[in-house]
Amino acid sequence: MKKKYPITNSKHSLLKSKCYWQSCERYKMRYKQILILFVILLKSSFSIGQEPDSLVVEKIESGKTIKKFVNKKIESFDVEMYAMNYGNVLSFSKINDTIFIKNADESNAIIKVFVKNNKETRELIYKKKQLLYVGSIDFDLNNLPPSSSIISKLSNNVVESYVSKSDLESIAYDDNRDFEKSFKLFGRLDISYKPTTIELIFNSFADFFSKEDALLKIYSSKYAQQYAKEYQEKHKEETIPLFISFVQTNEVSEIKNGIIWTKKDDKNGIYNIYHENKIVKSEVKSLEEVQNIIVEYTESIYKD
């Protein structure tokens with residue numbers, strides 16, 4: 001037997017229905033107000049003592065630089081590059097004590113910049129493997145980095161030394177390698193010998209990419225060469241750096257091959273040429289006299 005339901009008055013039902021939906025709407029409105037208030041309170045709790053984020057856009061040749069600031073300090077920035085039928089973005093971010101530079105066009109490559117012993121150091125990672133490593137160091141003949149190339153020069157009476165490592169041979173036969181733009185950026189960004197901090201390095205990168213010709217200095221070889229020529233001409237009155245040494249070490253930090261000039265008195269010094277962990281030639285020369293010898297030796301090593 002079917003259950004019978006009483007027939008309600010339609011007018012009364014409609015009125016009741018309207019009241020119900022009105023109460024629902026009021027509830028939803030009240031809920032929305034509470035939710036908005038909660039979001040505002042939540043955001044304000046995270047921003048106590050912190051100024052609102054701001055973006056600064058700077059137009060440069062063939063692109064623009066977009067900087068994100070928090071508390072008046074630059075937190076990250078992007079460099080947009082564009083030309084006919086081409087577009088790309090370089091992203092610079094600082095996480096803890098490391099700067100990460102990513103190239104949207106080359107997803108397998110990333111540049112890392114950090115400070116080691118108060119000196120700037122950088123590495124190019126390709127397919128999660130270190131491909132290149134460069135850093136400034138204090139040269140110590142008794143404590144040389146292993147499996148490395150080290151070059152030293154005298155600039156304004158200060159000895160500057162740089163260490164580098166390369167594993168480019170491992171991808172020599174990789175026809176699909178895609179790190180050309182990252183490679184140029186890695187090699188053409190200036191690296192300072194002076195003691196520094198990660199904040200100073202990051203700010204120097206941001207300042208560089210605020211300059212009108214920044215992208216040309218990195219990606220136009222012709223422009224970069226012309227700029228270098230003009231720079232040398234402009235600063236020709238300054239003291240020309242003099243090379244002191246170029247050495248290659250083995251896995252146990254011994255000098256495998258190289259040339260080192262050591263000062264003996266005010267005028268002269270002695271240079272030693274190493275081959276397969278042994279000194280094969282020594283001669284007394286002034287630092288000025290040994291310059292061509294060091295340059296020719298270095299060129300011969302790279303030709304081999």
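Just so you know, residue 1 is the first one in the sequence shown, and it goes up from there. Note that these values count all heavy atoms, side chains included, but never hydrogens, waters or copies made by symmetry. From a predicted model like this one, the values you see are computed outputs, not experimental measurements.
In this structure, Glu180 places its CD atom where only 12 or fewer heavy-atom neighbours from other residues, nucleotides or ligands lie under 6.0 Å away.
A donor-acceptor contact under 3.5 angstrom links the side chains of Asp78 and Ser91, judged on distance only. Between Asn88 and Tyr86, the side chains place a donor N or O and an acceptor N or O closer than 3.5 Å (distance only, hydrogens not considered). Checked by atom type, the side-chain pair Glu80/Tyr82 shows no donor-acceptor distance below 3.5 Å. In this model, no donor atom of one side chain and acceptor atom of the other lie less than 3.5 Å apart for Ser76 and Ser93. No hydrogens or angles considered: a donor-acceptor pair under 3.5 Å links the side chains of Ser170 and Asp167. Side chains of Asp138 and Asn117: no donor on one and acceptor on the other come within 3.5 Å.
For Lys263 against Asp266, the heavy-atom pair with the smallest separation is CE-CA, 4.2 Å. Residue Phe209 comes nearest to Leu215 through the heavy atom pair CE2-CD2, 4.1 Å, listed as atom of the first residue, atom of the second, then distance. Scanning both residues, Thr249 and Ser147, for their nearest heavy atoms gives OG1-N, 3.1 Å. Considering every non-hydrogen atom in both Val113 and Ile198, the closest pair reads O-CD1, 3.5 Å. Nearest heavy atoms, Ser245 versus Ile294: N-CD1, 4.4 Å. Summarising the geometry of Lys267 relative to Ser286, their closest heavy-atom pair is O-CB, 3.3 Å, with the distance given to 0.1 Å.
A salt bridge links Asp174 with Lys127: the distance from a Lys NZ or Arg NE/NH1/NH2 to an Asp or Glu carboxylate oxygen falls below 4.0 Å. Using a 4.0 Å cut-off between charged nitrogen and carboxylate oxygen, Lys64 and Glu58 do not count as a salt-bridge pair.
One hydrophobic cluster, built from ILVMFWY side chains closer than 4.5 Å, holds both Tyr219 and Phe208. Cluster membership for Ile293 and Ile244, using ILVMFWY side-chain heavy atoms within less than 4.5 angstrom, is shared. Under a hydrophobic-cluster definition in which Ile, Leu, Val, Met, Phe, Trp and Tyr are linked whenever side-chain heavy atoms come within less than 4.5 Å, directly or via other members, Val159 and Trp261 are assigned to the same cluster. Val134 and Phe139 fall into different hydrophobic clusters, defined by Ile, Leu, Val, Met, Phe, Trp and Tyr side-chain heavy atoms under 4.5 Å apart, directly or through other members. Taken together through direct or relayed side-chain contacts under 4.5 Å among Ile, Leu, Val, Met, Phe, Trp and Tyr, Leu90 and Ile95 form parts of separate hydrophobic clusters.
Within the cation-pi definition used here (under 6.0 Å to the ring centroid, within 45° of the axis), Lys165 qualifies as a partner of Tyr133. A cation-pi geometry, defined here as NZ or CZ lying under 6.0 Å from the six-membered ring centre and within 45° of its normal, holds between Lys119 and Tyr193.
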Original post:
Under the side-chain contact (heavy atoms from CB on, under 4.5 Å) criterion, do Glu120 and Val115 qualify, and how do the steps go?
Top reply: CA-CA 5 Å; Glu120 181 178 347; Val115 173; 5.8 Å; no
Subject >> ring-ring contact (aromatic ring centres under 6.0 Å, His included) between Phe92 and Phe100, intermediate numbers included >> reply: CA-CA 6 Å; Phe92 294 72; Phe100 295 87; over 10 Å; no
Subject >> side-chain contact (heavy atoms from CB on, under 4.5 Å) assessment of Ile259 paired with Phe243 >> reply: CA-CA 10 Å; Ile259 179 169; Phe243 292 107; over 6 Å; no
Original post:
Is there a side-chain contact (heavy atoms from CB on, under 4.5 Å) between Ile273 and Ile279 once you walk through the steps?
Top reply: CA-CA 6 Å; Ile273 292 180; Ile279 296 176; over 6 Å; no
**OP:** Start with the C-alpha gap between Tyr162 and Glu160, add the side-chain angles, then the distance that decides, and say whether side chain to side chain donor-acceptor pair (under 3.5 Å) holds.
**Re:** CA-CA 7 Å; Tyr162 300 90; Glu160 299 180 4; 3.0 Å; yes
**OP:** Please report the C-alpha distance between Arg122 and Ile191 in whole Å, then the side-chain angles of each, then the deciding distance to 0.1 Å, and finally whether the side-chain contact (heavy atoms from CB on, under 4.5 Å) criterion is met.
**Re:** CA-CA 9 Å; Arg122 65 180 66 158; Ile191 183 168; 3.7 Å; yes
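Using cut-offs of 30° and 60° on the angle between ring planes, the pair Tyr227 and Tyr223 is parallel.
The distance from atom CG of Asn272 to atom CD1 of Ile255, rounded to the nearest 0.5 Å, is 9.0 Å.
In this structure, the ring of Phe183 has its center no less than 6.0 angstrom from the ring center of Tyr126. Aromatic pair Phe202/Phe77: centroids less than 6.0 angstrom apart.
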